[in-house]
Amino acid sequence: MKLIYGVKDKPKSGQLLVFAIQQLLAIMAATIAVPAIVGNGMSASAALFGAGIGTIVYQLFTKFRSPVFLGSSFAFIGSMVTAFAGAVSAQAGFLGLIIGALFAGLVYVVISAIIKLVGVNWINKLMPPVVIGPTVALIGLSLAGAAINDVFSYGPKDGNGAFIMTGNIWASFACAILTLLVVIACSVYGKKMTRLIPFIIGILAGYALALVFTIIGETAGIDSLKVIDFAPFKALVADGVTLKTFLSVPEFTFLEAIKGVKDIDASYIATVAVAFVPVAFVVFAEHIADHKNLSSIIEHDLLEEPGLHRTLLGDGVGSVVGAIFGGCPNTTYGESVGCVAITKNASVCTITTTAIIALLISFVSPFVAFLDSIPGCVMGGVCITLYGFIAVSGLKMIQKVDLEDNANLFTVAAILIPGIGGMAMAIGKVTITSIACALILGIIVNIFVSKGRGKQ
């Protein structure tokens with residue numbers, strides 16, 4: 001892949017700002033979705049701030065050589081729910097989030113130290129392209145259902161699992177498809193700047209159509225056409241127009257956590273540790289897959305330079321810092337990687353600017369409200385391309401793998417089928433995701449068939 005902007009390139013100031021906003025839009029929905037899912041008073045704007053500062057920490061540790069944004073990790077949702085469920089007060093629950101992130105970060109620090117001592121060759125042997133390729137593909141494929149559900153606004157289904165095309169579903173579908181087609185048109189037929197910002201143009205086009213539907217719906221009293229929910233904007237003026245309507249300080253996690261110090265004990269800390277530490281090992285596997293994928297896109301092995309020990313430290317410490325402010329442990333985002341792949345813009349300067357913008361806009365109430373008002377169907381249209389590119393990137397990794405060799409064929413099969421089939425396992429309070437299960441099984445099968453090949 002020929003990049004338009006390489007890792008060390010710096011676009012012009014005006015372009016840089018636009019590229020950064022595009023990256024922000026790509027990661028926004030997922031980043032603010034995690035606090036919404038966990039609930040318990042978690043703040044979306046604080047999570048956005050945490051993602052921004054976590055990304056800056058990651059960039060510092062990786063010497064500004066890895067072009068990826070860190071956002072709220074979905075893998076830790078179960079752990080976060082456990083932290084609140086086991087707490088005697090909401091404040092203690094917020095403190096539990098920070099303690100859990102510290103435990104997870106410690107896992108990364110220990111693994112990083114081991115890798116620093118013994119190198120990464122063992123990882124390359126343990127996870128060759130025949131293992132890592134289908135695993136990366138799974139990361140994209142596992143998100144496919146979420147994208148399609150967004151396209152149809154999680155509408156009702158019939159007995160065969162098909163979406164029932166009622167009025168509001170048609171409107172959502174139209175917005176999603178327009179967004180998708182505009183993104184594709186900009187990427188394939190666009191010239192210069194247009195080709196570099198397909199997501200911004202696509203989202204604006206989808207939002208415009210959604211706005212038309214919503215205005216018609218409001219005017220004619222047709223609820224099925226009200227695609228956009230203006231509740232985020234209404235909340236800004238619920239108590240009248242004040243300074244808070246324009247600027248407000250996010251509800252940072254540590255401010256609540258301080259109040260909960262008196263409500264925790266050793267038993268609670270142990271519960272949090274059990275909930276967070278095993279998940280950190282799962283996310284470690286996904287960390288490698290993400291960085292292998294990103295390495296193939298930028299045609300530079302990030303596991304060698306700046307080094308896996310640095311990316312792990314950056315991810316781990318960035319996750320802790322992000323949780324202190326936003327409550328959510330962070331992780332490298334596939335949406336960010338997909339954005340780099342589609343736009344061919346791998347500029348770390350763009351990623352860093354995105355992080356700074358995330359910090360700033362978390363204080364700007366109207367902009368946060370606008371982002372929160374973007375319909376899920378519009379983001380669904382964008383995510384079809386983002387998740388699709390992640391899946392295709394993984395498949396490209398196994399292009400040179402000889403699938404006529406049964407050893408390779410069985411390894412790929414042992415990863416794809418359990419992963420797509422949803423072979424997730426809950427062991428006590430720990431959930432091992434289907435991707436992690438598939439990766440572990442793939443590694444075992446690859447070692448097994450490799451020993452057999454050696455005897456031939």
Side-chain angles (χ1 to χ4, degrees), residues 7-8 27 31 47 49-76 79 97-124 126-127 132 253-254 272-273 276-295 298 300-334 336-337 340 346 348-349 351-352 354-356 358-359 436 439:
V7 172
K8 297 181 180 180
I27 60 87
T31 297
F49 185 96
I53 197 167
T55 299
I56 291 174
V57 169
Y58 171 83
Q59 292 299 337
L60 288 170
F61 273 94
T62 56
K63 301 186 290 187
F64 296 90
R65 295 181 184 177
S66 180
V68 64
F69 192 95
L70 270 62
S72 307
S73 174
F74 277 74
F76 285 101
S79 307
L97 298 180
I98 296 175
I99 293 172
L102 285 169
F103 277 117
L106 182 61
V107 171
Y108 277 61
V109 170
V110 172
I111 296 176
S112 175
I114 294 172
I115 291 172
K116 178 66 175 176
L117 290 173
V118 302
V120 297
N121 286 336
W122 64 277
I123 291 178
N124 292 326
L126 197 65
M127 301 181 191
I132 208 68
T253 300
F254 71 87
V272 170
F276 277 80
V277 169
V279 178
F281 286 99
V282 173
V283 178
F284 163 65
E286 295 179 357
H287 174 98
I288 293 175
D290 279 340
H291 285 77
K292 283 277 191 177
N293 186 17
L294 189 57
S295 296
I298 66 175
H300 173 78
D301 191 352
L302 295 171
L303 272 61
E304 292 289 347
E305 178 59 38
L308 181 58
H309 64 289
R310 284 184 174 275
T311 65
L312 276 173
L313 273 177
D315 201 343
V317 178
S319 185
V320 172
V321 174
I324 289 173
F325 286 93
C328 305
N330 293 328
T331 188
T332 48
Y333 254 27
S336 177
V337 176
V340 170
V348 169
C349 191
I351 301 295
T352 305
T354 303
I356 293 171
L359 295 178
L439 175 59

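Residues take their numbers from the sequence shown, with the count starting at 1.
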Just do the side chain to side chain contact (heavy atoms under 4.5 Å, CB included) check on His300 and Val7 with the steps written out, would you? CA-CA 10 Å; His300 173 78; Val7 172; over 6 Å; no
One pair to check against side chain to side chain contact (heavy atoms under 4.5 Å, CB included): Ile56 and Leu359. What are the steps and the verdict? CA-CA 10 Å; Ile56 291 174; Leu359 295 178; 3.7 Å; yes
Counting only N and O atoms by type, is there a donor-acceptor contact under 3.5 Å from the side chain of Tyr333 to the main-chain atoms of Ser72?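 Yes.
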What is the minimum heavy-atom distance between [X] and [Y], and which atoms define it?
X: Ser66; Y: Leu302; value: OG-CD1, 3.7 Å
X: His291; Y: His287; value: ND1-O, 2.8 Å
X: Ser319; Y: Asn330; value: OG-N, 2.9 Å
X: Leu313; Y: Ser112; value: CG-OG, 3.3 Å
X: Pro329; Y: Phe276; value: CG-CE2, 4.0 Å
X: Ala47; Y: Cys328; value: CB-SG, 4.1 Å

Report the distance from atom [atom1] of [X] to atom [atom2] of [Y], rounding to the nearest 0.5 Å.
X: Phe284; Y: Ile115; atom1: CZ; atom2: CD1; result: 4.5 Å
X: Tyr108; Y: Thr311; atom1: OH; atom2: OG1; result: 9.5 Å
X: Ile324; Y: Ile98; atom1: CD1; atom2: CD1; result: 6.0 Å
X: Leu126; Y: Ile132; atom1: CG; atom2: CD1; result: 9.5 Å
X: Leu308; Y: Ile123; atom1: CG; atom2: CD1; result: 4.5 Å
X: Asp315; Y: Phe61; atom1: CG; atom2: CZ; result: 11.0 Å

Using side chain to side chain contact (heavy atoms under 4.5 Å, CB included) as the criterion, point out the one residue from [options] that pairs with [X].
X: Phe69; options: Thr352, Thr332, Thr354, Val340; answer: Thr354
X: Leu312; options: Val110, Thr62, Ile111; answer: Ile111
X: Ser336; options: Leu294, Val68, Asp290; answer: Val68

For atom NZ of Lys63, is the number of surrounding heavy atoms from other residues, nucleotides or ligands below 6.0 Å larger than 12? yes
Angle between ring planes, Phe325 versus Phe254, binned at 30° and 60°: parallel, tilted or perpendicular? perpendicular
